[in-house]
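The chains referred to below are lettered A, B, ... by the order of the sequence lines, with proteins before strands, and numbering in each begins at 1. Quantities reported herein were computed from a predicted structural model and do not represent experimental measurements.
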Amino acid sequence: MSPILLAEQILNGVQLGVMLFVMAAGLTLVFGVMGLINLAHGSLFMVGAFAAAAVAGATGSFMLALVSALAAAAAAGALIEVLVIRRLYARDHLDQVLATFALILIFSEGTRWIFGSFPLYLNIPDYLSGPVTLPGGIQYPLYRLTLIGIGLAIAAGLFVLISKTRLGIQIRAGENDREMIAALGVDISKLYTIVFALGAGLAGLAGALVGAIQSVQVGMGEPVLILAFVVIVIGGIGSIKGALIGALLVGLTDTLGGVLLPHLFKLFTDPATATSAGSALASMLIYILMAVVLIWKPTGLFGARA
Amino acid sequence: MTTERILNAVVVAGLVLFPIWAWMADEPFMITLATKAAILALAGVGLNLALGIGGLVSFGHAAFFGIGGYAMGILASHAQAYDPIFTQPFVFEGSKSMPVIWLTAILASGLAALGIGALSLRTSGVYFIMITLAFGQMLYFFSISWPAYGGEDGLSIYVRNSFPGLNTLDPIQFYGIVLGVLCAVLFLLARLAKSPFGLALGAARQTPLRVETVGISPYRLQLVAFTLSGMITGLAGALFADLNRFVSPVMFSWQTSGEIMVFVIIGGVARLFGPVVGAILFIILEHLLGGLSDYWHIYLGALLLLIVLFARGGVIGTLTGREAAHD
């Protein structure tokens, strides 16, 4: 395998990783601050993608589509937080899993009802399409490079938000001791709604960004949701730093495993067996990674609490 | 007799009488629906052992359901193609006999549950939910990408497998077999829940520290419970595959894990008949709402949400007005 091809695959892995991070950041914040497992996070990803596809179809503006994806998902997030989610904070994880599983059913079927079963398409705008030449002669799609840039910018923004702003201080305090910050006069239920809507908005944005390189359809959120869970579990639930490192690990493992393992197996067996065994193992690789991390560190790489 | 016992008796009577009515009214489709409900109930009963008594929230029971299904698919497909599974140290042709398939399904899913449980039980809480989900997904993707047994397309068999002395192609006879298995498992579980093992397992869920102090290892109790739970769900998987004469990676999907969990919750966690009531309700809803609208999952979702938010203890809990006996 040539170094150029390898470099392209590494970039693909990083691109998948940063998008997973944008998705996982909200999930890990919601768990860290409110102690809630939200399976419906994938539905918010889908809501963002559909909102973007609808707005882009009506106005033709990609920027407007991204803004509306963020807004629609954040609004949907705030709505379900107020109606359903806030009743679940005091419940055990089983109730949370079930209630948010029910929300997935409602969101998926509701979207199918409104938009139909056929996939929608969200086109990459002209100014972001086509390849660019990177140092070393690597040709890489500009749009994917933009995704990496946006993802890293969001990561940087979140780190500033968490470590430097007043809201960030309240979020960190909420992770440590929620009774205490409520006693100090912080409106905890408003804080929870804000954190939930923030995570939802990020998921919606990720949905719109990724929706442009795949089709926008019902059920697109769940595979990403499961990957995002793998990410936050590897990184340690509640840790933004863990989510970033976990996301990059998962993105690179998934992408490189799929490319490299069949080649690796060819060193030992005949090509046909190597391809099937290699791709079978590659599809399981991130789950193996997760199992290994959890067996080695039962609360993830940067997690403090179980 | 408590309300719950009366309710259980009503459920058993329904399970016996409804198919007899359908048989006399010549409604084979209704018998098939009842069979499906009884098999899904069995899968839920398996999960309920880990989830209800053991407090182990497994989000990966589709793994065992799927392994059971593939045990049926692999044994039967080899037998129908006259292509031995292995020839060393002896020739094994596969099998079209249900008892052999069940035994294989139970053994294979039990071994998988032992392995998955041994690793997963090192974690707890939300990490346990996630690691069991990960193992389920691992098997799901493996079943999709491994081409030998159909890959993504799954595996179908031409004729339902046989059971000594009965004609399994006749819906009512196949239903009888399924109901027999379900009742046997329910009977054993009722005994198990009251045995020293069951009591210790319940105690390990409530106060693991105390259980440890009296010299019992919660880890071992939970591992045994998880393994038994996987075996029962695996057996249900083999029956489910036999009902459809088809097995595919969908059986391994996380939605399957979610649905098995839904049966348990709708009916009532830690109730002996909880998953049975849940599965029956699920099938009735699927049938009725599915006839009303293509989008029946919306109503299912809304109903599920209402049950989780307002009817704690599921249907049985609401009807009997009592918390589960040991909670």
K.L.:
How about B/R122 and A/L294: do any of their side-chain heavy atoms sit closer than 4.5 Å?
P.N.:
no

K.L.:
Contact part of B/Y140 toward chain A, heavy-atom cut-off under 4.5 Å: side chain, backbone, both or neither?
P.N.:
neither

K.L.:
Measuring from B/W146:CH2 to A/M284:CE, what's the distance to the nearest 0.5 Å?
P.N.:
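Going from the CH2 atom of B/W146 to the CE atom of A/M284 covers 10.0 Å.
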
K.L.:
Over all heavy atoms of both residues, which pair between A/A102 and B/G301 is shortest? Give the atoms and the distance, please.
P.N.:
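In this case the closest contact between A/A102 and B/G301 is CB-O, 3.3 Å.
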
K.L.:
Mind checking whether A/L88 and B/L309 have side chains closer than 4.5 Å, heavy atoms only?
P.N.:
yes

K.L.:
What residue in B/L303, B/V57, B/L305, B/L51 has the most heavy-atom pairs under 4.5 Å with chain A?
P.N.:
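When all of B/L303, B/V57, B/L305, B/L51 are compared, B/L305 has the most.
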
K.L.:
Heavy-atom cut-off 4.5 Å, strictly under: side chain, backbone, both or neither for B/Y299 against chain A?
P.N.:
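Contact with chain A involves no heavy atom of B/Y299 at all.
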
K.L.:
Can you tell me which portion of A/I37 sits under 4.5 Å from chain B's heavy atoms? Options are side chain, backbone, both or neither.
P.N.:
side chain

K.L.:
Verify the neighbour count for atom CD of B/E152: are there more than 12 heavy atoms of other residues, nucleotides or ligands below 6.0 Å?
P.N.:
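Counting other residues, nucleotides and ligands, CD of B/E152 stays at 12 neighbours or fewer.
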
K.L.:
Which heavy-atom pair separates B/I129 from A/H93 by the least distance, and what is that distance?
P.N.:
CD1-CB, 3.7 Å

K.L.:
Could you check whether any side-chain heavy atom of B/Q137 comes within less than 4.5 Å of a side-chain heavy atom of A/I286, counting everything from C-beta outward?
P.N.:
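The answer is no, as the side chains (C-beta and beyond) never meet within the 4.5 Å cut-off.
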
K.L.:
What part of B/L133 gets within 4.5 angstrom of chain A, counting heavy atoms only: side chain, backbone, both, or neither?
P.N.:
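Contact with chain A: side chain only.
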
K.L.:
Work out which heavy atom in A/F101 is nearest to a heavy atom in B/E259; give both atom names and the distance.
P.N.:
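Smallest heavy-atom distance, with atoms named: CZ-N, 4.2 Å.
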
K.L.:
Are there over 12 heavy-atom neighbours, none belonging to B/W296, within less than 6.0 Å of that residue's CH2?
P.N.:
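Enclosed.
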
K.L.:
Taking all atoms of both residues into account, what is the closest heavy-atom pair of A/E109 and B/I298, and its distance?
P.N.:
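Heavy-atom minimum between the residues: CB-CG1, 3.2 Å.
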
K.L.:
Check each atom of A/L39 against the heavy atoms of chain B and say whether the ones under 4.5 Å are side chain, backbone, both or neither.
P.N.:
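The answer is the side chain of A/L39.
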
K.L.:
Evaluate the criterion side chain to side chain contact (heavy atoms under 4.5 Å, CB included) for residue pair A/R112 and B/H297; output intermediate values, then yes/no.
P.N.:
CA-CA 11 Å; A/R112 201 195 305 277; B/H297 271 115; over 6 Å; no

K.L.:
For B/L119, is it the side chain, the backbone, both or neither that has a heavy atom under 4.5 Å from a heavy atom of chain A?
P.N.:
both

K.L.:
For the interface with chain B, which of A/L285, A/L281, A/V84 has the highest count of heavy-atom pairs at distances below 4.5 Å?
P.N.:
A/V84

K.L.:
Quick check: closest heavy atoms across B/V126 and A/F31, and the distance to 0.1 Å?
P.N.:
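It is CG1-CZ, 3.4 Å.
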
K.L.:
With sequence neighbours left out, which residue pairs that include part of residues 22-48 of chain A fulfil the salt bridge (Lys or Arg N to Asp or Glu O under 4.0 Å) condition?
P.N.:
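Residue pairs passing salt bridge (Lys or Arg N to Asp or Glu O under 4.0 Å), neighbours aside: none found.
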
K.L.:
Select one option (side chain, backbone, both, neither) describing which atoms of A/V233 are under 4.5 Å from chain B's heavy atoms.
P.N.:
both

K.L.:
Would one find more than 12 heavy atoms of other residues, nucleotides or ligands at under 6.0 Å from atom CZ of B/R210?
P.N.:
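Counting neighbours around CZ of B/R210, 12 or fewer heavy atoms of other residues, nucleotides or ligands fall under 6.0 Å, so no.
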
K.L.:
Between A/I232 and chain B, which part of the residue has a heavy atom less than 4.5 Å away: side chain, backbone, both or neither?
P.N.:
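Neither; nothing under 4.5 Å.
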
K.L.:
Classify the ring geometry between A/Y287 and B/F141 as parallel (under 30°), tilted (30 to 60°) or perpendicular (over 60°).
P.N.:
parallel

K.L.:
Distance check, rounded to the nearest 0.5 Å: A/L105 atom CG versus B/Q255 atom CD?
P.N.:
9.5 Å

K.L.:
Contact part of A/I106 toward chain B, heavy-atom cut-off under 4.5 Å: side chain, backbone, both or neither?
P.N.:
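Interface part for A/I106: both.
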
K.L.:
What distance separates A/L98 CG from B/I307 CD1, expressed to the nearest 0.5 Å?
P.N.:
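Result: 9.5 Å between the selected atoms.
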
K.L.:
Determine, step by step, whether A/E222 and B/W254 satisfy the side chain to side chain contact (heavy atoms under 4.5 Å, CB included) criterion, reporting the C-alpha distance in whole Å, the side-chain angles of both residues, the deciding distance to 0.1 Å, and the verdict.
P.N.:
CA-CA 9 Å; A/E222 280 67 49; B/W254 73 278; 3.0 Å; yes

